[in-house]
Amino acid sequence: MSADCLFCRMASGEIPVPKVHEDDLVFAIRDINPQAPTHVLVMPVAHVPSAAALTDADGPLLARLFSVAARIAAGDGLEAGWRLVSNVGPDGGQTVPHLHLHLLGGRSMHWPPG
Ligand code: 5GP
Ligand code: ZN
């Protein structure tokens, strides 16, 4: 846990937030500023600054992040498709330095993203 990290404080319960999913490795919350009808952030409970910090040892964590995202997408009825995005660093548009997958769906997505 990183004491000054927003998502770590949510993970620990210090900042209360409704959780769409929570287990030993990952939790998920709805984005406060949704960019699509479904916009969920799926992230590790432990502090990982971004995807740039991942190693082969994080395989189980990554598997869980993706499988939880798929389960939430199914639960939200996104049979037509959905998108996962993880922003890394300033050029990637990352504003909260705690690894998270954006799960976006419920509308048609554009490519390339902005
Ligand atoms: P990033 O810009 O790092 O890729 O994504 C951070 C996301 O966290 C943004 O989409 C932003 O709307 C969301 N966010 C920031 N603060 C809060 C908050 O207090 N609660 C929730 N639910 N989402 C937040
Ligand atoms: Zn953190």
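Atoms within each ligand, like the ligands themselves, are counted from 1 in listed order. In what follows, every heavy atom counts, from backbone to side chain, and hydrogens, waters and symmetry copies are set aside.
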Q) Which ligand 1 atoms, with their elements, are less than 4.0 angstrom from a heavy-atom of Asn33? A) 12 (O)
Q. For atom 11 (C) of ligand 1, which candidate among Asp31, Leu6, Ile15, Leu99 holds the nearest heavy atom?
A. Asp31
Q. Just heavy atoms, cut-off under 4.0 Å: does Leu41 contact ligand 1 by side chain, backbone, both, or neither?
A. side chain
Q: Provide, to 0.1 Å, the distance between atom 1 (P) of ligand 1 and the closest protein heavy atom, together with that atom's residue and name.
A: His100 NE2, 3.2 Å
**Q.** Per-atom contacts of ligand 1 with Gly93, taking only distances under 4.0 Å to non-hydrogen atoms
**A.** 1 (P), 2 (O), 4 (O)
Q. Under 3.5 Å, N or O to N or O, is His39 touching ligand 1 that way?
A. no
(Q) Using a 4.0 Å cut-off to any heavy atom of Phe7, which atoms of ligand 1 qualify? (A) 8 (O)
Q. Going by distance only, is there an N or O of Asn87 that falls short of 3.5 Å from an N or O of ligand 1?
A. yes
Q | Nearest-neighbour protein heavy atom for atom 3 (O) of ligand 1, which is reported as residue plus atom name and distance | A | Thr95 N, 2.7 Å
Q. Between ND1 of His98 and SG of Cys5, what angle is found at the Zn ion (ligand 2), rounded to 10 degrees?
A. 110°
Q) Is the closest heavy atom of Met10 to ligand 1 under 4.0 Å? A) yes
Q. Tell me, which protein residue and heavy-atom name are nearest atom 24 (C) of ligand 1, and how many Å apart are they?
A. Ile32 CG2, 3.4 Å
Q. Can you find an N/O atom of Val96 closer than 3.5 Å to an N/O atom of ligand 1?
A. yes
Q: Quick one: look up the protein heavy atom nearest atom 22 (N) of ligand 1 and list residue, atom name and how far away it is.
A: Arg30 O, 2.8 Å
Q. With the Zn ion (ligand 2) at the center, what angle do SG from Cys8 and ND1 from His47 span, rounded to 10 degrees?
A. 100°
